[in-house]
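Report on one structure; see the data block that follows.
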2 protein chains.
Amino acid sequence: MAILQWLKEPEKNFPPHQDIDHFNDGVCVGYIQDKTGLSQSTISTYLNSMQNAHLLIPTRHGKWTYYKRNEEVIQAYVNTLKDTL
Amino acid sequence: MAILQWLKEPEKNFPPHQDIDHFNDGVCVGYIQDKTGLSQSTISTYLNSMQNAHLLIPTRHGKWTYYKRNEEVIQAYVNTLKDTL
DNA sequence: TTTACATATCTAGAAAATTAGATATGTTTT
DNA sequence: AAAACATATCTAATTTTCTAGATATGTAAA
């Protein structure tokens, strides 16, 4: 949940990327790792599982993988909760 | 989540109680246990933890404890999720 | 075309959640 | 007040989740 929240406003929660000057494709794994303080493998695993759940969309830029929110799925999930819960 | 859903419409998901003819205070533990197929202690533990989270409101009627949804808290939770997630 | 770097995957140990049996408590009936 | 019944609590075993170290893979720089 924290990661999803951070990704709502990348410019407020992460430093700028070195090769690109926008967050159009999200934030690179390393920055998210730093922010959480967890190990590289743990973060990679998390991001991968969130990707599998279609909560995040990955984009590869050179050496880096960027992750951004999948707004449609996230909203659909919240709406389902609202109806079902 | 299943329990919360069932408790939205007790009359559709549970048999009538033997001592009272309404679900104003919710459903007794035994009926919820039957519906889940879990053991008595497990269900009691679940209901207790949901009560601690203020998701359920307990009412004692003689030998039975009835549990009903705490709509305010449940809605507040969903709304928080909608904003935060 | 080797080296360095970012990320992914594999493996396994530690921590937490799930669950039931045994027992305790509270309430009603006899 | 003893017995019966509904629910709660305690304890512990099983299962699942969490997490990191080691290693692998993919990409770019030297």
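Everything numeric here is computed off the predicted structure, so don't read it as measured data. Chain letters run A, B, ... following the sequence lines, proteins first and then strands; every chain starts at 1. Note: hydrogens, waters and symmetry copies are ignored here, and every other heavy atom, side chains too, is used.
- At a threshold of 4.0 angstrom between heavy atoms, the contacts of A/Thr65 are confined to the sugar-phosphate backbone, with no base atom among them.
- The distance between atom NZ of A/Lys63 and atom C1' of D/dA28, rounded to the nearest whole Å, is 6 Å.
- B/Gln40 has its CD atom 7 Å from the P atom of D/dA8, to the nearest Å.
- In this entry the distance linking CD1 of A/Ile43 with P of D/dG21 reads 14 Å, nearest Å.
- In this structure, a donor-acceptor pair under 3.5 Å is present between the side chains of A/Ser39 and A/Thr42.
- Residue-to-nucleotide proximity on DNA chain D shows that, of A/His61 and B/Thr45, the 5′-proximal contact is made by B/Thr45.
- Within residues 7-37 of chain A, no residue has a heavy atom under 4.0 Å from DNA chain D.
- Considering only side-chain N and O atoms, A/Ser41 lies nowhere under 4.0 angstrom from the phosphate OP1 or OP2 of D/dA20.
- Listed candidates were D/dG26, C/dT9, D/dT7. Nearest to the side chain of A/Arg60 is D/dG26.
- By the side-chain contact (heavy atoms from CB on, under 4.5 Å) test, A/Thr65 pairs with A/Val29, A/Pro58, A/Arg60, A/Tyr67, sequence neighbours left out.
- The aromatic rings of A/Phe14 and A/Tyr31 sit parallel, their planes meeting at an angle under 30°, below the 60° perpendicular limit.
- Residue B/Tyr67 is in sugar-phosphate contact alone, with no base atom involved, counting any heavy-atom pair closer than 4.0 Å across all strands shown.
- The nearest whole Å value for the distance from the CH2 atom in A/Trp64 to the P atom in C/dC5 is 11 Å.
- Among the protein residues, B/Leu47 comes within range of no part of the nucleic acid, since none of its heavy atoms lies under 4.0 Å from any strand.
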